[in-house]
Amino acid sequence: MSHKYNPKEIEPKWQYLWEESKCFKATEDISKPKYYCLEMYPYPSASLHMGHLRNYAIGDSIARYKRLNGFNVLYPMGYDAFGLPAENAAIKQKIEPEAWTRSNINAIKHQQQEMGLSYDWSRQIQSLDEDYYKWNQWIFLKFYEKGLTYREKAVINWCPDCNTVLANEQVINNRCWRCSSIVEQRELEQWFFRIRDYADELLTSLDDLDWPESVKTMQRNWIGRSEGTIINFNIVNSGETIPIFTTRPDTVFGVTFMVFAPEHPLIKDWVEGTKYQAAFETFLASVQQEDKFQRTAADKEKKGMFIGKYAINPLTNDEIPVYVGNFVIYEYGAGAVMAVPAHDQRDFEFAKEHDLPVKVVIRPRDKVLSPDKMTEAYIEKGILVNSGEFDGLDNHDAIMKISKKLEEIKLGKSTVNYKLRDWLISRQRYWGTPIPIIHCDKCGSVPVSFKDLPVKLPKDVEFTGSGNPLATSSSFINTTCPECGAPAHRETDTMDTFVDSSWYFFKYCSPFSGQVPFDKQPVSYWMPVDQYIGGIEHAILHLLYARFFTKALRDIGLSEIDEPFSRLLCQGMVNKEAPYCELCNRFLPPEDYEGSTCNACGNKYTHKSAKMSKSLGNVIDPRILMDNYGADAARFFILFGSNPERELEWSDAGIESVYKSLEKSFHLLIKMPGSLKDTIDARDNYIKFITHKSIRDATYNFEELKLKDAITHIMILIDELSTYSKTPINKDIYNEARMTAAVLLSPVIPHLCEEVWELTGHDGFIIRARWPICDETVVSEMNEFKWDLLSDLSDDIREIIKVARITSPKRIRIYSAAGWKFRLANLFKEEFAKTKDRGQIMKALMSTDLKRYGKQVNQILGKYLNDPALAPYVDMGQEGEFSFLNEVALILESRFNCVIEFYREEDSQEKKAAGALPGRPAIIID
RNA sequence: GCGGGGGUGGCCCAGCCAGGUCAAAGGCGAUGGGCUUAGGACCCAUUCUCGUAGGAGUGCGAGGGUUCGAAUCCCUCCCCCCGCACCA
């Protein structure tokens with residue numbers, strides 16, 4: 001029987017059989033350890049890209065690996081089905097968002113199925129289903145009851161292109177996260193979730209997560225906890241008190257002015273009708289013209305102006321002038337700062353610019369600071385001066401003491417401040433979850449009652465491209481107030497789609513719940529997600545929101561889970577080289593080069609690796625991979641190319657060679673070699689050793705998620721197996737080796753391995769096989785040493801043949817070192833551990849019966865001291881080495897195709913034999 | 001500027017946490033040989049330098065240090081990537 005490797009045939013076959021047997025269906029089973037493996041909720045674009053392919057190849061391999069290891073695995077898939085692309089398609093192409101999205105879901109699902117991913121499709125969910133989004137509304141209302149949802153007028157980020165507001169997290173470098181348009185500031189009434197209430201827990205519970213350090217750091221920075229003190233500054237002639245936040249209360253005696261954010265509402269009142277009004281308005285306008293990103297760049301010039309007001313320093317009672325400045329951010333702290341030019345660089349620059357006094361209050365231990373000689377602020381540690389009763393204190397101690405004093409005189413208190421803002425969830429778009437609120441002229445904003453959920457998305461809407469389409473549906477808008485029954489209108493904002501993805505992982509555990517979003521019992525079995533896999537781009541956005549939701553859902557009693565994702569893997573980018581002009585210092589899009597030269601400068605361009613992107617034209621469609629080489633080859637290539645966290649470089653040659661090696665492996669694994677034997681010799685022992693070594697190494701790598709390294713170790717087994725198959729084989733050992741290889745490879749190339757399993761006479765699926773267990777006695781230190789010895793010996797023989805230009809060796813004689821040399825090696829290791837002194841070691845050696853070999857001992861000692869690693873780390877003994885060499889004679893014979901003879905050094909007169917050392921037999925080639 | 005991750009042989013990529021078995025796995029590419037009508041595929045060998053016996057030299061971004069011994073540990077510096085960035 002000759003079977004061709006035909007992925008087009010075997011892949012659909014196994015996909016069908018898996019489906020038919022429902023073998024990926026997950027059911028709670030407390031007798032088995034559970035494992036929840038999850039990839040980030042994908043947006044259903046019409047086709048897969050390389051990033052998806054990589055994401056799923058990783059996740060599926062882990063899920064399959066865990067199943068083989070006896071875990072009860074939950075590995076689901078669903079679709080983040082709301083969002084702008086569908087709505088934009090509706091505007092441009094007049095297609096219903098729902099129809100558009102559902103057809104995308106079908107398309108992408110089809111591709112996922114072609115990849116052979118082992119999802120439990122019975123749990124598939126998508127946010128656009130009423131039965132899903134109604135729970136968004138349910139949760140919204142629960143949060144509302146708890147005070148976690150609120151509506152407020154606020155200056156918010158507006159994306160003019162998406163025609164909607166954005167949360168702070170969705171603004172990247174002042175651009176929209178989705179479309180990269182520059183974000184504008186607008187003032188609007190919006191709905192928020194109180195994520196800030198969880199700031200502290202979100203921060204502290206990061207510590208216990210097995211997440212990449214970079215992601216944890218990003219979240220820590222984003223939450224931005226800082227400990228400090230609130231200090232109240234009274235404003236002269238106004239009766240107002242401004243609570244300023246500072247981390248440096250130790251410098252309060254050095255405050256010489258205050259700076260407010262120009263948009264601070266008090267400023268407008270203060271300048272009204274004064275001579276400062278006109279200038280202030282000009283200043284405010286100029287600041288607002290700049291985008292926020294430019295404005296807050298660190299190297300930006302510190303601009304500002306005096307606005308005619310004074311404040312009182314609460315500790316010195318000095319009157320200090322009040323300024324507005326472009327560098328103060330309204331949203332942070334009190335939107336105003338106390339300025340200490342001597343000890344804060346920004347304040348220093350501002351003071352120089354505006355000729356304000358600099359007052360030193362902290363002095364370094366070894367020198368005196370003089371304000372007029374300072375060229376920058378002194379921000380290091382020091383001792384307090386000019387600070388009244390606090391003079392002489394270490395500034396670190398002063399922070400606490402001054403804080404305490406302020407508290408006593410009721411002009412301040414210690415506090416904690418966060419950069420994290422509440423989560424703005426309103427969106428002025430159609431294709432999302434309607435916010436279940438009714439606005440009544442009399443009763444205000446009234447929540448829809450739970451029994452009336454879901455508030456369905458209406459179909460009678462118009463997509464004009466301007467304004468919220470929901471507002472065009474009179475059937476939707478017009479309703480009655482649940483409280484007073486009067487005519488009222490519905491809220492037209494929909495929820496940020498990040499709400500959908502903040503709890504979908506709970507829904508997978510309990511897709512068919514009745515009265516609540518999800519049932520407690522299955523959730524407590526499956527959650528938390530043991531392994532979450534996705535791109536780094538969600539380091540803050542999705543991962544922070546999902547953590548917040550998990551905690552808030554816990555607090556409304558839906559679960560007892562604190563953290564959603566125990567272990568996180570952020571896969572690297574998929575790159576491909578693209579034309580890059582070194583002179584212009586940029587990548588060249590297809591229209592910017594011709595032939596081999598850059599259009600801009602006319603010079604030759606080079607190639608450099610870049611993230612696959614449409615604009616650079618270096619995208620490879622995974623479909624080509626799948627169509628030409630099959631799912632297994634695509635999966636293998638993508639996992640073998642690079643470890644999951646690292647970047648993956650696309651290469652055309654790579655996929656070709658992957659396909660060939662799969663083909664080769666397939667033939668090797670299904671065919672029993674012709675020449676069998678019942679005996680066991682060194683070759684059989686060797687392949688057994690390699691088999692178990694592969695199990696050990698691949699298992700270790702799988703656990704570490706180093707899938708590339710795991711595959712490398714399995715392929716070594718395949719290679720050795722291939723060599724072995726050309727000699728007479730022991731059937732049992734051969735079978736153990738090839739079935740081990742098949743099972744080890746099955747998480748990566750499942751279809752091929754199923755086919756092998758079947759063709760080698762197994763009943764049932766390979767996915768129901770057991771992950772092999774490494775026999776430690778086979779891969780003992782002694783055995784590793786032995787087989788290394790053989791490979792070193794072969795290398796040495798080859799080296800000699802090469803250097804001595806021997807064309808074809810006729811006989812190779814190998815001499816094991818004399819017995820006393822083994823004793824010497826051991827003694828040397830003992831003594832060397834005690835001292836490195838040659839004299840002392842020699843003395844110790846000479847006090848034994850080795851004395852009679854004094855001269856040789858001295859020579860060998862010289863060698864050993866020069867390279868202590870020469871003394872073998874395992875002691876085989878002369879007999880052990882000699883008999884091992886005899887055993888492997890046939891391996892050497894087949895390698896070198898000549899007679900191999902073995903001797904003991906003692907039995908030989910050959911000069912060269914005297915050079916033998918333990919673990920390093922002498923070699924003579926004729 | 002701060003934080004995180006990197007820099008390994010022609011290229012990609014392991015090794016570094018637990019120093020010696022490391023001239024450094026694996027893949028790609030290249031060269032030679034076998035096979036073949038030829039090419040491809042496949043198989044074998046070679047692929048830092050020198051070397052007619054397993055050696056020597058150089059070497060893991062650069063420079064120092066620790067150690068009998070450093071790709072691996074410590075210090076300083078350079079470069080690349082990714083986040084954050086006047087956060088009071």
*State yes or no: are the ring centers of A:Phe257 and A:Phe350 separated by less than 6.0 Å?*
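Yes, the ring centres sit under 6.0 Å apart.
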*Close aromatic pair by centroid cut-off 6.0 Å: A:Tyr5 and A:His667*: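 Judged by ring-centre distance (under 6.0 Å), A:Tyr5 and A:His667 do not meet the cut-off.
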When the distance from [atom1] of [X] to [atom2] of [N] is rounded to whole Å, what number comes out?
X: A:His713; N: B:A25; atom1: NE2; atom2: C1'; answer: 7 Å
X: A:Ile244; N: B:C87; atom1: CD1; atom2: P; answer: 15 Å
X: A:Asn221; N: B:G3; atom1: CG; atom2: C1'; answer: 6 Å
X: A:Glu799; N: B:U46; atom1: CD; atom2: C1'; answer: 12 Å
X: A:Gln219; N: B:G4; atom1: CD; atom2: P; answer: 16 Å
X: A:Phe327; N: B:G1; atom1: CZ; atom2: C1'; answer: 17 Å
X: A:Ile801; N: B:A53; atom1: CD1; atom2: P; answer: 14 Å
X: A:Glu647; N: B:G6; atom1: CD; atom2: P; answer: 12 Å

Distance check: side-chain N/O of [X] vs OP1/OP2 of [N], anything under 4.0 Å?
X: A:Asn643; N: B:A14; value: yes
X: A:Arg646; N: B:A14; value: yes
X: A:Thr712; N: B:A14; value: no

From C-beta outward on [X], which listed nucleotide comes closest to its side chain: [options]?
X: A:Ile924; options: B:C68, B:A88, B:A53; value: B:A53
X: A:Lys419; options: B:C84, B:C28, B:G54; value: B:C84
X: A:Arg798; options: B:G20, B:U46, B:A14; value: B:U46
X: A:Ser657; options: B:U47, B:G27, B:C87; value: B:G27
X: A:Lys302; options: B:A88, B:C86, B:G27; value: B:C86
X: A:Val803; options: B:U21, B:A53, B:G20; value: B:A53

*5' precedence on RNA chain B between A:Ala804 and A:Thr217 (nearest-nucleotide basis)*: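 The residue mapped nearer the 5' terminus is A:Thr217.
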_Closest-nucleotide mapping onto RNA chain B: is A:Lys912 or A:Asp709 further toward the 5' terminus? I mean the 5' end._
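Counting from the 5' end, the first nearest nucleotide belongs to A:Asp709.
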_Partner nucleotide of B:U49 by Watson-Crick or wobble geometry (both distances under 3.5 Å)_ =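 B:U49 is paired, partner B:A56.
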*Both distances under 3.5 Å, Watson-Crick or G-U wobble: report the partner of B:C42, or none.*
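Base partner found: B:G34.
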*Is it possible for you to check whether A:Lys836 lies under 6.0 Å from the centre of the six-membered ring of A:Phe832, through NZ or CZ, and within 45° of that ring's axis?*
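Cation-pi check for A:Lys836 and A:Phe832: passes.
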*With no angle test and no hydrogens, is the base of B:A88 tied to the side chain of A:Arg248 by a donor-acceptor pair under 3.5 Å?*
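Such a pair does not exist between side chain and base.
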